[in-house]
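As structure tokens, the structure follows; a few thoughts come after it.
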Amino acid sequence: MMLRISNLREYETAYRKSVEEPENFWSEIAASFTWKKSWNKVVTWNFESPEVKWFEGGQLNITENCLDRHLSTHGDKTAIIWEPNNPSEKGRTLTYRELHEQVCMFSNVLLKNGAKKGDRICIYMPMVPEATIAMLACARIGAIHSVVFAGFSAQSLSDRIQDSDCSMVVTSDGAYRGAKEIPIKEVVDEALRVCPTVQRVIMLERTGANVRIDAERDRLWKEEMGKVDARHEAETMEAEDMLFILYTSGSTGKPKGVVHTCGGYMVYTAYTFQNVFQHRPEDIYWCTADVGWITGHSYIVYGPLLSGATTLMFEGIPTWPDAGRFWQTVDKHQVSVFYTAPTAIRALEAAGLDYVRPYTLNSLRVLGSVGEPINEEAWHWYHEHIGKGNCPIVDTWWQTETGGILISPLAGITPLKPSYATLPLPGIQPLLVDANGKEITGNGVEGNLCIRYPWPSILRTTYGNHERCRTNYFATYPGLYFTGDGCKRDEQGYYRITGRVDDVMNVSGHRIGTAEVEDAINQHPDVVESAVVGYPHAIKGQGIYAYVICTKEHENVDMLREEIKAVVNRVIGPIAKPDKIQIVTGLPKTRSGKIMRRILRKVAEGDVNNLGDTTTLLDPAVVDAIRDGAISG
Ligand code: PRX
């Protein structure tokens with residue numbers, strides 16, 4: 001067992017050591033894993049280029065640590081519990097031994113189908129165990145997985161496949177999501193029309209939907225698995241070899257491929273999983289995220305499996321067949337650690353306690369929150385009605401780029417404060433800076449959140465474009481990693497993340513760039529220009545408000561709005577559809593042509609009498625028109 005923190009004093013000691021002797025601190029933790037060869041150098045870094053390397057010279061395969069290592073001690077322990085979309089369908093469980101065998105077999109399938117170490121393989125799948133098996137099989141053969149959330153459109157999928165020149169796609173015929181059936185394979189077929197690098201598609205049959213099979217290109221999961229050996233020797237990887245790419249939105253341009261590497265990611269996700277959730281071997285752990293997001297990567301798949309935990313994968317949605325589904329599932333599987341997003345909590349709170357009352361929830365020990373700031377009301381509801389007042393809530397702050405949790409209470413150890421992510425984990429050195437990059441010291445302050453020292457799972461680059469990584473994260477405040485988040489530090493030194501300070505929105509815990517939505521809206525033939533901002537939304541955290549200038553006047557504005565939403569749905573996917581669309585004749589621009597989003601945000605928030613200084617605008621009259629046409633409610 002790696003260094004486990006079991007009380008506040010141990011946390012303080014670990015924290016101090018991580019700052020004073022980071023190399024000793026991390027090498028002791030790393031030593032608890034299985035390495036094929038030990039490292040020569042714990043860390044090399046500079047935040048200018050940027051360049052970060054952890055455990056250089058070390059060799060490993062992360063799947064030996066997720067799987068092989070557990071076989072002799074707890075091969076028969078359940079690794080994955082799978083709860084299907086429909087509660088009346090029978091679920092599945094896989095022991096560590098079974099999961100190991102499936103991963104070895106699928107590794108052989110990948111190899112037999114031409115995959116090689118270093119290839120990029122796209123995974124576009126529903127929440128089924130095969131998604132995890134495919135990820136681990138990629139890691140086992142040294143291929144780099146790029147999981148794309150199966151709610152993204154064909155265009156988003158092809159953009160991601162092209163950006164990293166994937167050679168293969170692993171997918172399914174269809175997917176179930178609540179009452180809906182989604183034609184996954186059709187989306188893949190459409191995407192692949194413009195992806196010549198993809199030579200092979202391996203398709204799992206999940207729904208039995210009637211799909212087109214390309215005899216040259218497509219193979220069936222089941223048939224391929226029937227042809228291979230159940231043994232596979234894991235490939236030897238360098239600590240700094242790429243493990244995966246995960247695309248995420250930024251304030252400008254198309255989503256970027258965040259790159260994580262094998263050694264550091266392994267060490268950090270396991271360390272944080274075990275300490276934040278205070279993992280116990282008998283836990284049934286359930287993170288409700290999708291494997292298409294970083295939370296799924298780090299805290300459904302890698303962190304739990306590295307720790308020999310039992311991790312639950314849920315295929316469905318929180319509100320189907322009714323809003324009691326989460327709680328029913330907690331009772332059914334006796335879940336002890338439950339980790340979800342504030343948006344789900346707020347939606348289930350709004351549905352009412354009648355959906356909670358039928359369930360005992362008495363297996364729960366720890367609750368978690370991730371993805372967006374949790375408001376106090378939702379925190380208290382979660383604490384009182386789900387945790388029955390005796391489960392600590394770990395409000396975990398982190399990002400796709402950080403690979404793992406950076407600021408969070410340790411369950412049952414750190415005294416809680418609702419809506420605060422509380423204290424940095426060992427190894428994390430946060431600081432707040434003002435707009436000029438000057439550090440804001442002391443407590444009871446607010447600023448932009450930066451980190452001054454690398455941790456093992458910090459992103460290494462953005463795929464194919466290192467300069468973008470530098471300008472996005474390391475150039476705003478030279479020498480620091482800039483998170484893009486605003487943050488308060490209270491009198492006792494606790495951190496509270498207040499939300500993004502850049503042009504990134506957080507809608508139902510999903511990260512969406514305003515520029516991406518604007519680009520999509522602009523694809524409507526009648527749209528001249530658009531500007532998108534986030535606004536406070538009771539359930540989603542933030543809703544999407546779009547201001548749109550059209551070429552001509554439309555008689556049926558409602559129909560136009562629906563068309564614009566349909567375009568966004570087609571270009572990005574349903575998660576990016578604007579909630580409100582205001583047709584305008586002009587946008588508030590400065591004389592240099594820059595849109596003043598501050599004003600648009602204020603109008604979207606309904607704060608129309610407090611727009612601040614508008615004298616620098618090219619045409620201040622535009623603001624009056626926007627204010628008059630604002631969509632409230
Ligand atoms: O604004 C922060 C918010 O989500 C952003 C990261 O989004 P993504 O890369 O998609 O990863 C989400 C899951 C880790 C952050 O910049 N965020 C995430 N967790 C929290 C949060 N905001 C407040 N509190 C949190 N616990």
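Since the structure is predicted, the reported quantities are computational estimates derived from the model, not experimental observations. Whatever order the structure lists them in is the order used to number ligands and atoms, beginning at 1.
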May I ask you to check whether Phe314 and Trp320 place their ring centers less than 6.0 Å from one another? no
Is the gap between the ring centers of Phe326 and Phe338 under 6.0 Å? yes
If you round to the nearest 0.5 Å, how far is CD1 of Ile284 from CG of Leu364? 12.0 Å
Top protein contact for [atom], by heavy-atom distance:
atom: atom 8 (P) of ligand 1; result: Thr400 OG1, 3.5 Å
atom: atom 13 (C) of ligand 1; result: Thr295 OG1, 3.4 Å
atom: atom 23 (C) of ligand 1; result: Pro373 N, 3.1 Å

For Arg500, is the CZ atom crowded, meaning more than 12 foreign heavy atoms sit under 6.0 Å from it? yes
Take atom NZ of Lys388 as the centre, draw a 6.0 Å sphere, and report whether it contains more than 12 heavy atoms from other residues, nucleotides or ligands. yes
Could you tell me whether the side chains of [X] and [Y] share a donor-acceptor contact shorter than 3.5 Å?
X: Ser307; Y: His279; value: no
X: Thr295; Y: Tyr339; value: no
X: Tyr477; Y: Asn448; value: yes

Does an N or O anywhere in [X] fall below 3.5 Å from an N or O of ligand 1?
X: Gln399; result: yes
X: Gly371; result: yes
X: Glu401; result: no
X: Thr396; result: yes
X: Thr483; result: no

If you measure from atom 21 (C) of ligand 1 to every heavy atom of Arg496, Arg511, Glu372, Met505, which option wins on shortest distance? Glu372
Those atoms of ligand 1 less than 4.0 Å from some heavy atom in [X]:
X: Ile497; answer: 22 (N), 23 (C)
X: Trp398; answer: 6 (C), 14 (C), 15 (C), 18 (C), 19 (N)
X: Asn506; answer: 3 (C), 4 (O)
X: Asp395; answer: 24 (N), 25 (C), 26 (N)

Taking the six-membered ring for Trp, are Phe277 and Tyr299 parallel (under 30°), tilted (30 to 60°) or perpendicular (over 60°)? perpendicular
Which bit of Asp485 is near ligand 1, meaning a heavy atom under 4.0 Å away: side chain, backbone, both or neither? side chain
Side chain, backbone, both or neither: which part of Ile374 comes within less than 4.0 Å of ligand 1 when only heavy atoms are counted? neither
The single option from Tyr124, Tyr247, Trp293 passing ring pair (Phe, Tyr, Trp, His ring centres under 6.0 Å) against Phe152: Trp293
